[in-house]
2 protein chains.
Amino acid sequence: MNDAFPDVRLLVFDIFGTVVDWHGSIVREVQALHPQVDADAFALAWREGYQPAMQRVRSGELGWTRIDELHRMILDGLLPRFGLEHLSEPERRHLNHAWHRLAPWPDSVAGLQRLKHRRTIATLSNGNIGLLTDMAKAAGLPWDCILSAEVFRAYKPDPAVYLGAARVFDLEPAQVMMVAAHHEDLAAARACGLRTAYVERPHEFGAARAKDVSPRPGNDLHCADLVALADVLAGPG
Amino acid sequence: MNDAFPDVRLLVFDIFGTVVDWHGSIVREVQALHPQVDADAFALAWREGYQPAMQRVRSGELGWTRIDELHRMILDGLLPRFGLEHLSEPERRHLNHAWHRLAPWPDSVAGLQRLKHRRTIATLSNGNIGLLTDMAKAAGLPWDCILSAEVFRAYKPDPAVYLGAARVFDLEPAQVMMVAAHHEDLAAARACGLRTAYVERPHEFGAARAKDVSPRPGNDLHCADLVALADVLAGPG
């Protein structure tokens with residue numbers, strides 16, 4: 001198969017939900033550490049705090065604050081609801097680092113390995129640099145470069161993040177493709193002139209809670225997973 | 001051999017001269033493109049403009065300007081001295097990108113591969129993120145993370161760069177080791193509390209112009225090359 005987007009030189013990836021399975025990973029960690037807790041509800045509640053916490057930074061209510069710190073603030077608020085208010089400081093720190101240990105979806109490593117043959121592949125996540133680096137090392141994610149909201153001091157969907165990624169590589173926005181399992185992320189990237197690829201992750205919120213992954217107009221590509229994306233962009237191999 | 005620095009979790013590397021051979025690489029590119037030019041003198045003159053150009057940024061005379069742009073300003077100034085003022089815009093751009101294509105010293109890839117087994121390895125260079133990423137991809141340098149002056153918007157030896165690297169990984173400065181072939185870089189890192197390893201690169205300025213690489217007090221380690229550093233830090237393998 002020929003390369004469908006020869007002008008695209010840089011692929012940037014959303015991470016939580018797109019490349020790694022945050023729900024399944026958090027559930028497994030919580031189940032192992034605290035078997036009495038409803039781990040599914042815990043994972044969902046933790047993630048539910050994510051957008052509101054970033055909104056406090058976007059609005060200026062909080063100064064620049066990294067995801068590690070935001071995850072920790074949300075966690076501290078959650079623990080009493082789940083009967084875990086007794087957790088010590090080292091236990092809280094360990095649990096908060098579960099986000100550094102998220103497991104990739106089964107296709108992620110193989111897909112990225114193929115995609116990086118012809119193009120540069122980079123994270124473009126609201127996760128902080130240290131979190132993304134630890135995750136890549138643990139999961140074997142073969143990034144050429146770790147880009148993060150932390151580099152641009154702005155959270156997606158702020159245009160500074162998408163345009164900043166193009167600028168780092170001296171590319172026009174149309175030479176960059178954003179890959180994500182979230183339509184809002186892709187819509188914001190598209191508004192900046194980036195190409196977009198939607199990745200189906202029907203079980204992002206757990207196998208029992210299937211997400212609508214039907215195609216929407218506007219995206220350049222719609223793929224079942226990262227191996228399917230490699231089939232389109234990288235040819236067979 | 002046991003690990004001599006068990007507390008050190010992150011190794012950060014100077015790049016130009018320490019991991020890659022800028023002089024030899026620039027000489028080869030200039031010789032191939034413009035055989036009539038004194039490539040050795042050209043390479044030295046280009047690099048000589050480097051510190052003064054960064055100084056214009058450090059002093060505030062220039063706003064934040066990346067190394068790609070500084071290299072280009074120096075290049076444009078140099079070309080008439082070498083009879084190359086006729087170079088077209090695409091030719092200038094291609095030549096300026098020679099810094100994205102610098103070749104590693106023969107030990108660099110093997111040393112880094114061993115060093116990354118037990119620790120996180122990252123660039124900590126005044127080179128910009130795109131330059132360092134292109135170089136890593138071309139040369140096979142297996143960084144876990146690309147850190148650059150561009151992330152911190154300050155040039156080494158500004159403390160913001162060294163302390164910024166520790167902060168990105170939530171480490172104390174003493175848990176970070178700076179690896180460089182330049183004593184000034186190491187002295188500035190040491191002043192911030194980092195550990196330091198000096199790497200001998202006697203031919204940084206060309207085989208005909210051997211550099212004094214004798215040990216100086218203050219550095220935690222003094223190594224012939226990155227494989228020797230791996231022998232100390234990573235054990236045999």
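Note that the structure is predicted; figures quoted are calculated from it, not measured. Convention: sequence-line order gives letters A, B, ...; per-chain numbering from 1.
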Check step by step if side-chain contact (heavy atoms from CB on, under 4.5 Å) holds for A:T133 and B:F169.
CA-CA 9 Å; A:T133 303; B:F169 286 94; 3.7 Å; yes
Hey, mind stepping through B:D144 and A:I146 against side-chain contact (heavy atoms from CB on, under 4.5 Å) and telling me if it holds?
CA-CA 8 Å; B:D144 293 312; A:I146 304 280; over 6 Å; no
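Around CZ of A:R9, the count of heavy atoms belonging to other residues, nucleotides or ligands within 6.0 Å does not exceed 12. Surrounding CD of A:E172 are at most 12 heavy atoms belonging to other residues, nucleotides or ligands under 6.0 Å away.
Each of B:N128, B:D134, B:V168 has some count of heavy-atom pairs under 4.5 Å with chain A, and the biggest count is that of B:V168. Ranked by heavy-atom pairs under 4.5 Å with chain B, the list A:R167, A:K137, A:K116 is led by A:K137.
For chain B, no part of A:R153 is nearby; none of its heavy atoms comes within less than 4.5 Å.
Here A:R66 pairs with B:D170 in a salt bridge; the nearest charged N to carboxylate O distance falls below 4.0 Å.
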